[in-house]
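FYI, side chains are in, hydrogens and waters are out, and symmetry mates aren't considered; it's all heavy atoms of this structure. None of these values were measured; they are calculated from a predicted model.
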Amino acid sequence: MSNDPSTKKEVNGFCGGIQALFQKAQEICNSDQVISSAEQLEKLEQKVCDLADQLQAVIIEERLQSSLDSEDVRETEADLVANLPWKLKNKGLRDVVITLRCGVTY
């Protein structure tokens, strides 16, 4: 996840990542491919599952980042730091890596 607010771009009310995934889904839906074997079906199923995992990851990333940037979390963070028995050194904002249950990492 990135702390850079400029990485979130809104397109038609959706962040750019979601919009790109919707375009990929639309391409799959509009495909003229005829499924004539089990292998083709499995390949299509894997594409759709991968797309769903990516969509889940983008939504989770956006919601988690919004929550971390919220005033409530910042106030709770400040209260926690103020009530610790030792001093903490502010090292600023940092990027973190989160692996979701579906295996996608952001």
Side-chain angles (χ1 to χ4, degrees):
M1 288 179 30
S2 174
N3 291 315
D4 185 3
S6 65
T7 59
K8 180 182 172 188
K9 297 177 184 166
E10 299 251 343
V11 180
N12 297 329
F14 294 108
C15 72
I18 292 175
Q19 190 69 25
L21 291 171
F22 280 150
Q23 287 173 347
K24 288 180 183 179
Q26 192 69 39
E27 289 170 10
I28 291 171
C29 290
N30 292 338
S31 172
D32 292 337
Q33 178 187 12
V34 175
I35 300 170
S36 59
S37 69
E39 291 80 21
Q40 288 177 328
L41 178 59
E42 287 176 8
K43 187 175 178 181
L44 177 62
E45 182 181 19
Q46 188 60 50
K47 271 185 176 178
V48 172
C49 285
D50 290 345
L51 203 56
D53 287 346
Q54 291 172 24
L55 179 60
Q56 175 186 356
V58 169
I59 292 169
I60 298 282
E61 176 188 17
E62 193 278 325
R63 294 305 316 139
L64 185 56
Q65 189 64 57
S66 293
S67 296
L68 292 172
D69 292 340
S70 73
E71 191 62 34
D72 289 343
V73 171
R74 292 193 187 267
E75 288 175 9
T76 303
E77 177 184 279
D79 289 343
L80 176 66
V81 170
N83 291 315
L84 286 174
W86 61 87
K87 282 193 163 198
L88 291 178
K89 186 172 184 174
N90 185 351
K91 296 183 180 180
L93 298 175
R94 296 180 174 221
D95 288 346
V96 297
V97 176
I98 297 175
T99 302
L100 301 176
R101 183 173 44 183
C102 65
V104 178
T105 302
Y106 270 92

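S70 places a side-chain N or O within donor-acceptor distance of the main-chain N or O of S67, the cut-off being under 3.5 Å.
Looking at residues two or more places apart in sequence or on another chain, you find no side chain to side chain contact (heavy atoms under 4.5 Å, CB included) involving R101.
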Hey, can you pull the donor-acceptor pairs under 3.5 Å for the side chains in residues 81-92, sequence neighbours left out?
{"from": "N83", "atom 1": "ND2", "to": "D79", "atom 2": "O", "distance (Å)": "2.9"}
{"from": "N90", "atom 1": "OD1", "to": "G92", "atom 2": "N", "distance (Å)": "2.7"}

Show me the donor-acceptor pairs within less than 3.5 Å that the side chains of residues 20-34 make with the rest of the protein, sequence neighbours left out.
{"from": "Q26", "atom 1": "NE2", "to": "N30", "atom 2": "OD1", "distance (Å)": "3.4"}
{"from": "N30", "atom 1": "ND2", "to": "Q26", "atom 2": "O", "distance (Å)": "3.3"}
{"from": "S31", "atom 1": "OG", "to": "Q33", "atom 2": "N", "distance (Å)": "3.1"}

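For the atom pair CD (E39) and CG (L44), the distance works out to 13.5 Å, reported to the nearest 0.5 Å. In this structure, CD in E71 is found 10.0 Å from OG1 in T76, a value given to the nearest 0.5 Å. K43 NZ to I35 CD1: the interatomic distance, rounded to the nearest 0.5 Å, is 11.5 Å. Separation of atoms CG (L64) and CG (D69) is listed at 9.5 Å; rounding is to 0.5 Å.
A side-chain donor from one of D50 and Q46 sits under 3.5 Å from a side-chain acceptor of the other.
Other residues, nucleotides and ligands place no more than 12 heavy atoms under 6.0 Å from the CD atom of E45.
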